[in-house]
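Everything below concerns the one structure shown next.
All values below come from the heavy atoms of this structure, side chains included, with hydrogens, waters and symmetry mates left out.
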Amino acid sequence: MMDAQTWRVGCRCLLLLALVGFTRSEGMQSCEEVRKLFQWRLVGPVRGLPDSPRAGPDLQVCVAKKPTCCTRKMEERYQIAARQDMQQVLQTSSSALKFLISRNAAAFQETLETLIRQAENYTSILFCNTYRNMALEAAASIQEFFTDVGLFLFGADVNPEEFVNRFFDSLFPLVYNHLINPGVTDSSLEYSECIRMARRDIGPFGNIPQRVLGQMGRSLLPSRTFLQALNLGIEVINTTDHLRFSKECSRALLRMQYCPHCQGLTFSKPCMGYCLNVVRGCLAHVAELHPHWHTYIQSLEELSDAMHGTYDVEHVLLNFHLLVNDAVMQAHLDGQTILEQVYKICGRPVRKPTQSPRCSFDGSKEKHGMKISTRNGEETLANRRKEFINSLRLYRTFYGGLADQLCVNELAAGDGRPCWSGEDIVKSTSVWKAIYHPFSAEMETKSPILASSYTYLEVVGRRQKTRFHVQYCN
């Protein structure tokens, strides 16, 4: 069975070689094969396709001394196909890199959202278990605080200093009414507002608000920058996947990929040197991304390495409730001093009868909130970042070697195999001088998005005098 199959394959190969030899020595007798491939590649029949080879005086790129199976209309369609083919191989070559970054960007965002929810639950549980009388009143401030944390992490224009101070401002009247000057009645809204406004002058929580602000600033900004940098990487890849090729590049791609079809050489591939010269010329501006991309990955690595301890957003968020507890305890211990200061600023309270609502925190949320305390160490955000950076390092030279990668893996003929030189089929080892010299200077002006990508990558990768070496860009 295998012998018969091998014999049939061998016969087909000999027949193909014979046909190629006949075509080269005697010329094509029919354009049937070219017509079929043209119609299949370009979808549907096209009128005016030649049945047999003929002179092609109207051709502009696929000019040859031999009769041709191409018309000017075919040449124009082939040029479009050549550009589409190049975009397709660009997208294929970058698909793994794009998937790596986009998958991790989504995973990091989802993990941060989960951490925010768990930190909010921790803080709600603290009030329900320890400061039950003020838990329901504190719920809105807790929710607002963590909403602002999420908004900042995911790129919104909110100020950490403002939402940290706003949280402790709103917490002070609750602590005053329930711990420092408790009673069966609560103070009026006007009096509570006076206490809230006086918090920064009185300083009832000691240095806890400043510690929270410092930790939030050190941890949230790097995480925000990290996420934005990943989204920038995706944007750069999307831009290079959809390049606008210049007229000169399009003509060179046409000659390299489809002009051999006009001579009946429908299964030929370009010689390696020829392919490298053409593709390097077409991707000259993309290659300029190489130093910026390399610095970008290096800076992401440095940023990730620096995000630990008080710089680790996971550590900071999940320990926020402990600092809140310390702040409340500090105010309770200094209650008499704080009471006198409040009387001095706001006067004595004018109370009205009311009953403090009791805590109604959902027990299922408590279980969800406490779930993170038993997580496996391998699941931490820091370990996920480390795994991602280790994978991303493999792509440091991606843009610098992109043209070579496309020719070696996709476009060019293998070593020792007959290949298309731009004029005829030759031995691949004999043609390393390409017909087209690099034409990067003749290409269209680089797209604004690609040009801005250079700037953004340079900004993201610019070394700063801070510990993180990464500049956040709006």
Closest contact, heavy atoms only, [X] versus [Y]:
X	Y	answer
His321	Tyr122	CE1-CD2, 3.2 Å
His242	Asn238	ND1-O, 2.9 Å
Arg385	Met307	NH2-O, 3.0 Å
Pro270	Met256	CB-CG, 3.5 Å
Ala105	Ile234	CB-CD1, 4.4 Å

Report yes or no: does [X] contribute a side-chain atom to a donor-acceptor pair with the main-chain N or O of [Y] at less than 3.5 Å?
X	Y	answer
Gln87	Leu243	yes
Trp420	Arg255	yes
Thr92	Val89	no
Arg132	Cys128	yes
Ser170	Phe167	yes
Ser304	Leu300	no

Out of curiosity, [X] [atom1] to [Y] [atom2], how far, rounded to the nearest 0.5 Å?
X	Y	atom1	atom2	answer
Lys269	Cys275	NZ	SG	9.5 Å
Arg103	Phe388	CZ	CZ	9.0 Å
Ile101	Ile237	CD1	CD1	4.0 Å
Ser246	His285	OG	NE2	8.5 Å

Looking at residues at least two apart in the chain, or sitting in another chain, which of them share a side-chain contact (heavy atoms from CB on, under 4.5 Å) with [X]?
X	result
Thr130	Leu126, Asn325
Tyr343	Tyr176, Asn181, Tyr191, Leu339, Arg348, Pro349
Gln405	Ser93, Phe398, Leu402, Asn409
Gln257	Ala82, Asp85, Leu253, Leu411

Under 3.5 Å, is there a donor on one side chain and an acceptor on the other for [X] and [Y]?
X	Y	value
Arg199	Asn165	yes
Asp334	Gln330	yes
Glu137	His178	yes

By side chain to side chain donor-acceptor pair (under 3.5 Å) - contacts of [X] (at least two apart):
X	value
Lys386	none
Asp241	Ser94
Glu193	Arg196

Enumerate the salt bridge (Lys or Arg N to Asp or Glu O under 4.0 Å) contacts for residues 392-410, please, sequence neighbours excluded, ordered by first and then second residue.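 As it turns out, the salt bridge (Lys or Arg N to Asp or Glu O under 4.0 Å) pairs with a partner in residues 392-410, which skip direct neighbours, are Arg280-Asp404, Glu301-Arg393, Glu301-Arg396.
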
Testing Trp40, Phe267, Tyr78 for ring pair (Phe, Tyr, Trp, His ring centres under 6.0 Å) with His261, which one passes? Tyr78

Taking only distance into account, with no hydrogens and no angle test, what donor-acceptor pairs under 3.5 Å do side-chain atoms of residues 146-155 form with protein atoms, sequence neighbours excluded?
residue	atom	partner	partner atom	Å
Thr147	OG1	Gln143	O	2.8
Asp148	OD2	Arg166	NH2	2.8

Can you list, pair by pair, the side-chain donor-acceptor contacts under 3.5 Å of residues 200-207, counting residues two or more places apart and other chains?
residue	atom	partner	partner atom	Å
Arg200	NE	Asp169	OD2	3.2
Arg200	NH2	Asp169	OD2	2.8

Ring pair (Phe, Tyr, Trp, His ring centres under 6.0 Å) filter on His294, not counting sequence neighbours, yields none

Listed by chain and number, what are the ring pair (Phe, Tyr, Trp, His ring centres under 6.0 Å) partners of Tyr395, not counting sequence neighbours? none

Is any side-chain heavy atom of His315 less than 4.5 Å from a side-chain heavy atom of His308?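 They are not in contact (no side-chain heavy atoms under 4.5 Å apart), so the answer is no.
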
